[in-house]
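Quick note: residue numbers are just sequence positions, from 1. Predicted model only: the values in this text are computed from it and were never measured.
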Amino acid sequence: MPRLPTGALRLLVLISLVNTTGTGLWMVSSAIYLTRFAGLSIAQTGLALTLTGLVGMVASAPMGYVADRLGAREVFVAGLVVQALGTTAFIVVHNIWVYLLIGVPLAVADAAQRGAKGAVIGGAVPPEERVRTRAYLRSVTNVGIAMGSALAGVALAADTRWAYVAMILGDALTYLVAAALATRLDPIPRTAHTPGAPRLTALRDRPFLVFVLLDGLMSTHFGLFEVGLPLWIAHRTDAPTWLVAVVYLTNTTAVVLLQVRAARGTDEPRGAARAARRAGLVLFAACGLYALSGHANGVVTIALLIAGALVHVVGELWHSASGWGISFGLAPADRHGQYQGAYAIGMQLGQMLAPVMVTTLVVGWGDPGWLLLGAAFALAGAAMPPTVGWALRNRPGGADQPTPRLDMAAEG
């Protein structure tokens, strides 16, 4: 991983490392805990996770607005504290209704802390450093999740209710530590609302919403590594199933080592849009390599899958960096919270659609599905530069300029 930054950036990196270590604990253990010890069936678990995901998506922009109004640092800390308390409460879940009673407020708190974190970056980090900061944080996210997953392996080996409870409490503790660290961030000026002016301007910004939808479509490629590719390898190729782990490790390692480097040139919207266009073409090429693997044998199959994974991760790195550059670059300087919240809607929508979309196209249709999916990535990427151009033409003050109807209130 690249050399760590200093100052506020180092503090954000440390917060992310702590928080995502807990995320790794919960990601690995949640499905087993809910179905074996919390009284939920497999179908109920899927439904509950989908419902809380929908709540988080709907709450993203409004909670980002709250962060702008009440103070990004304060909402960030509050969101983390609520998540710590809610996560702890998971130990008493015994049916789907109790899970939803806890999980719905948790989804809102998660939306709040995510939007607030974006606003903290937008307010505390110079424009030319924001994408680089996001790149560092994404690299650290992969490290943290890997660490949490490794720790979870110990509890999974024990496979007792108390082992899973220990992981839940460990996750809750990481939220509290992250919240304590976040109190050391400098306060971000609050945005005062002018009576009569629209509140959720990000949801009225048509070119920005088009960008969000295009980015959401492109983000379905994450579902390839998580769902589509493992099923493709297991059911449509002659490759050994252990190759799934190799492909996943290749992706994770590349993100940790290369995300900061891949973000170069994406710190302003037009450069970021060009990176999105490149990402779409590269993802198209990766889909072609994956499709070819279904017609190969032995070593050639393995070579094509690994080559596809390497090409895929290049597209992933460019796509991630482009989204950060565009979302920060198009947001007015006093509304980073709600714009980052709106940007997250696309990613969340993509994550919700990805399992059905990639399994239907890839596993169900084979070659035509791969080509259709790759073409969708390429077209979405190609649409980014004109969409960004449209957005910039609709910003009379240019990117990073506050809208005149809103005033900046000093932190009190």
Side-chain angles (χ1 to χ4, degrees), residues 27-28 30-31 42-43 45-47 49-50 53 57 138 141-142 145-146 149 213-255 276 279-297 300-320 323 346-381:
M27 281 176 60
V28 172
S30 58
I42 293 174
T45 298
L47 176 62
L49 294 175
T50 299
M57 183 175 70
R138 182 157 190 261
T141 292
N142 279 263
I145 289 176
S149 299
L213 290 174
L214 291 171
D215 188 76
L217 174 59
M218 292 190 71
S219 71
T220 58
H221 72 80
F222 291 108
L224 288 177
F225 273 118
E226 296 169 5
V227 180
L229 199 54
L231 293 175
W232 176 260
I233 291 173
H235 297 285
R236 300 293 293 267
T237 76
D238 65 349
T241 53
W242 53 257
L243 192 66
V244 173
V246 174
V247 166
Y248 189 80
L249 182 61
T250 299
N251 176 268
T252 303
T253 303
V255 170
L281 293 173
V282 169
L283 289 170
F284 189 13
C287 288
L289 289 169
Y290 291 145
L292 287 174
S293 70
H295 301 279
N297 296 294
V300 177
T301 305
I302 294 174
L304 285 169
L305 288 168
I306 292 177
L310 291 171
V311 173
H312 184 166
V313 78
V314 172
E316 177 183 332
L317 295 171
W318 279 337
H319 166 241
S320 296
M347 179 70 71
Q348 291 166 324
L349 182 61
Q351 289 175 340
M352 289 177 58
L353 294 176
V356 173
M357 186 172 170
V358 302
T359 52
T360 300
L361 292 177
V362 170
V363 182
W365 292 8
D367 290 355
W370 278 118
L371 294 177
L372 182 60
L373 191 61
F377 293 145
L379 290 173

Check the pair Leu229 / Val244 against side chain to side chain contact (heavy atoms under 4.5 Å, CB included), numbers first and verdict last. CA-CA 8 Å; Leu229 199 54; Val244 173; over 6 Å; no
Can you see which heavy atom on [X] is nearest to which on [Y], and at what distance?
| X | Y | value |
| --- | --- | --- |
| Ile233 | Thr237 | O-OG1, 2.9 Å |
| Met218 | Ala279 | CE-CB, 4.0 Å |
| Gly223 | Ala354 | CA-CB, 3.9 Å |
| Leu224 | Pro230 | O-CD, 3.5 Å |
| Met57 | Gln348 | CA-OE1, 3.1 Å |
| Ala285 | Val311 | CB-CG1, 4.2 Å |

Run the numbers on Leu305 and Leu243 for side chain to side chain contact (heavy atoms under 4.5 Å, CB included), then give the verdict. CA-CA 9 Å; Leu305 288 168; Leu243 192 66; 3.4 Å; yes
With no hydrogens and no angle check, is any side-chain donor or acceptor of [X] less than 3.5 Å from a backbone partner on [Y]?
| X | Y | result |
| --- | --- | --- |
| Thr359 | Val356 | yes |
| Arg236 | Val363 | yes |
| Thr220 | Leu217 | yes |
| Asn251 | Val247 | no |
| Ser293 | Tyr290 | yes |
| Thr241 | Ala234 | no |

Dump the intermediate steps for side chain to side chain contact (heavy atoms under 4.5 Å, CB included) on Leu231 and Val362, then the final yes or no. CA-CA 9 Å; Leu231 293 175; Val362 170; over 6 Å; no
Value rounded to 0.5 Å, distance of [atom1] in [X] from [atom2] in [Y]:
| X | Y | atom1 | atom2 | value |
| --- | --- | --- | --- | --- |
| Ser219 | Leu353 | OG | CG | 8.5 Å |
| Asn297 | Asp238 | CG | CG | 5.0 Å |
| Leu310 | Leu289 | CG | CG | 10.0 Å |

Side-chain donor-acceptor pairs of residues 365-380 under 3.5 Å, sequence neighbours excluded:
from, atom 1, to, atom 2, distance (Å)
Asp367, OD1, His295, NE2, 3.2
Asp367, OD2, His295, NE2, 2.4

Check the pair Gln351, Phe222 against side chain to side chain contact (heavy atoms under 4.5 Å, CB included), reporting the backbone distance first and the verdict last. CA-CA 8 Å; Gln351 289 175 340; Phe222 291 108; 5.8 Å; no
Heavy-atom check, side chain of Arg138 versus side chain of Leu317, under 4.5 Å: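 Yes, their side chains come closer than 4.5 Å.
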Taking C-beta and beyond as the side chain, do His319 and Asp215 meet within less than 4.5 Å on heavy atoms?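 Yes; the side chains approach each other to less than 4.5 Å.
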